[in-house]
Amino acid sequence: MMMKATEIRKMSVEDLQAKLVELKKDLFFLRMQHATNQLDNPIKIAVVKKDIARIKTIIREKETTI
């Protein structure tokens with residue numbers, strides 16, 4: 001499920017922004033499940049957080065090179 005930096009770099013900034021919104025929504029629901037003890041694998045939270053950080057970093061790289 002973890003996204004690789006190479007596949008993220010192939011995406012446009014608009015696609016990355018959309019993916020970022022989607023991942024933030026996923027993180028919210030994962031946190032809600034964790035708080036109500038319905039989450040079976042809490043490591044998913046860390047994976048989503050790292051994906052968000054990866055996407056933000058690459059968006060910033062693309063913005064500074066333009």
Side-chain angles (χ1 to χ4, degrees):
M1 185 171 139
M2 187 171 72
M3 299 179 69
K4 297 197 179 202
T6 53
E7 64 186 51
I8 295 172
R9 283 196 172 90
K10 293 177 186 174
M11 299 169 75
S12 68
V13 175
E14 293 81 22
D15 291 340
L16 290 173
Q17 296 284 3
K19 188 70 176 171
L20 187 61
V21 169
E22 180 185 323
L23 284 173
K24 285 184 177 184
K25 202 178 295 184
D26 289 348
L27 182 61
F28 173 77
F29 287 118
L30 285 172
R31 284 182 172 157
M32 288 296 291
Q33 287 179 339
H34 186 65
T36 59
N37 290 325
Q38 294 175 346
L39 186 62
D40 56 340
N41 187 2
I43 296 171
K44 288 181 184 178
I45 293 174
V47 171
V48 172
K49 286 170 75 173
K50 286 179 184 177
D51 282 346
I52 289 171
R54 223 176 260 117
I55 288 176
K56 282 184 173 183
T57 300
I58 292 172
I59 288 173
R60 186 73 183 126
E61 283 175 7
K62 289 182 181 234
E63 287 174 348
T64 56
T65 57
I66 293 175

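Predicted model, so just to flag it, every value in this text is computed and none were measured.
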Which donor-acceptor pairs under 3.5 Å do the side chains of residues 29-42 make with protein atoms, sequence neighbours left out?
residue: Thr36; atom: OG1; partner: Met32; partner atom: O; Å: 3.1
residue: Thr36; atom: OG1; partner: Gln33; partner atom: O; Å: 3.2
residue: Asn41; atom: OD1; partner: Ile43; partner atom: N; Å: 3.3

From [atom1] ([X]) to [atom2] ([Y]), nearest 0.5 Å:
X     : Y     : atom1 : atom2 : value
Gln17 : Leu20 : CD    : CG    : 6.0 Å
Ile8  : Ile55 : CD1   : CD1   : 5.0 Å
Leu23 : Asp51 : CG    : CG    : 5.5 Å
Lys50 : Thr57 : NZ    : OG1   : 13.0 Å

*Less than 4.5 Å apart, any side-chain heavy atom of Ile58 and any of Lys62?*
yes

_salt bridge (charged side-chain N to carboxylate O under 4.0 Å, His left out) contacts touching residues 9-21 (sequence neighbours left out)_ = Arg9-Glu61, Lys19-Glu22

